[in-house]
2 protein chains.
Amino acid sequence: MATLNRSKSREAIVRFLMTRKDHPTAEVIYNNVRQECPKISLGTVYRNLTLLSDIGEIQKISCGDASEHFDGNAKPHPHFVCNKCHRVDDLEMDDLNFLNTLANQKFGGIVEKHQLIFYGKCEFCKEN
Amino acid sequence: MATLNRSKSREAIVRFLMTRKDHPTAEVIYNNVRQECPKISLGTVYRNLTLLSDIGEIQKISCGDASEHFDGNAKPHPHFVCNKCHRVDDLEMDDLNFLNTLANQKFGGIVEKHQLIFYGKCEFCKEN
DNA sequence: ATTAAAATTAAGAATAATTACTAATTTAAT
DNA sequence: ATTAAATTAGTAATTATTCTTAATTTTAAT
């Protein structure tokens, strides 16, 4: 079931995500991709984001605010969320794969991956 | 502003959360606390869950499924989400505070805490 | 114990994010 | 060019959560 075609919308979404170092929501992606694909609908954006993160080509980040954020970088890495301005950024750290190994040690199931999100004040909000 | 009264609902919610080792949603909490407080409303459950997690007495867990989950254990610890049955459990690991220190090293802002969620197959779903 | 102010609540309306539906369009493979 | 499968726009529907308001409960002070 379901081979994956090459669709204009899908490619525009991926291309847009690649240009961003922050991690936009579906709404933001929609408003931007619209400039390239004026007829695209919000539903299409959602459907493709879900599809793409299901096959692991992009990442979905659930950081606790109302909406999901999306990351064009499929490689696992930690994120940072500012409690003041709510920006969602990448956080530079050495490889954290050892966490999976560690987690698996006393665990009855199988750990496949993890999401690590740090919270605090970003460089712009910390003075206050 | 706003001192925190002792309210029957709020205490029943906390008490219920303490009895659970899984991490129920607002809806599940509502349906259970109802047996003790038959007149409680879903809005009250939501309001108190938000209040309690704001003051750090409980934890809110955003694990990527449609709804938030809540943890009566305020102490930071990692969680596990099963990709098959979607249970949300605690995961036993040694203290992970060093992650915050590590994260702060190359970071311009201030890391205060983190959420670590592992994904995979739980002990009951792993055979398949 | 009374009382008055502040906090909390139930109930239901409102909102916001996301998904589902359907007929039309696009894509890939002949 | 033809056809079947995949994708889409547009819109309706759903779901989780928040907001509003008048009534009730709690607290602290008498």
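Chain letters run A, B, ... following the sequence lines, proteins first and then strands; every chain starts at 1.
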Roughly how many Å is it from [atom1] in [X] to [atom2] in [N], rounded to a whole number?
| X | N | atom1 | atom2 | answer |
| --- | --- | --- | --- | --- |
| B/Leu4 | D/dT25 | CG | P | 19 Å |
| B/Leu51 | C/dT8 | CG | P | 7 Å |
| A/Glu36 | D/dT8 | CD | P | 13 Å |
| A/Tyr30 | D/dA9 | OH | C1' | 10 Å |
| A/Asp65 | D/dT18 | CG | P | 12 Å |
| B/Ile13 | C/dT9 | CD1 | C1' | 11 Å |
| B/His69 | D/dT17 | NE2 | C1' | 14 Å |

Mind checking whether [X] and [Y] have side chains closer than 4.5 Å, heavy atoms only?
| X | Y | answer |
| --- | --- | --- |
| B/Leu51 | B/Leu4 | yes |
| A/Asp22 | A/Val28 | no |
| B/Gln59 | B/His77 | yes |

B/Asp54 meets the salt bridge (charged side-chain N to carboxylate O under 4.0 Å, His left out) criterion, sequence neighbours left out, with none

Any idea how A/Phe107 and B/Phe80 line up, ring-wise: parallel (<30°), tilted (30 to 60°), or perpendicular (>60°)?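 Correct class here is tilted.
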
What heavy-atom pair brings [X] and [Y] nearest, and what distance separates the two atoms?
| X | Y | value |
| --- | --- | --- |
| A/Pro78 | A/Leu96 | CG-CD1, 3.9 Å |
| A/Glu36 | A/Pro38 | O-CD, 3.5 Å |
| A/Phe16 | A/Pro24 | CE2-CG, 4.2 Å |

In 5'-to-3' order, the base (B), backbone-only (S) or no-contact (-) status of each nucleotide in nucleotides 10-30 of chain C, using a 4.0 angstrom heavy-atom cut-off, is BS-----SBB-------SS--

What's touching nucleotides 2-5 of chain C from the protein side, N or O pairs under 3.5 Å?
none

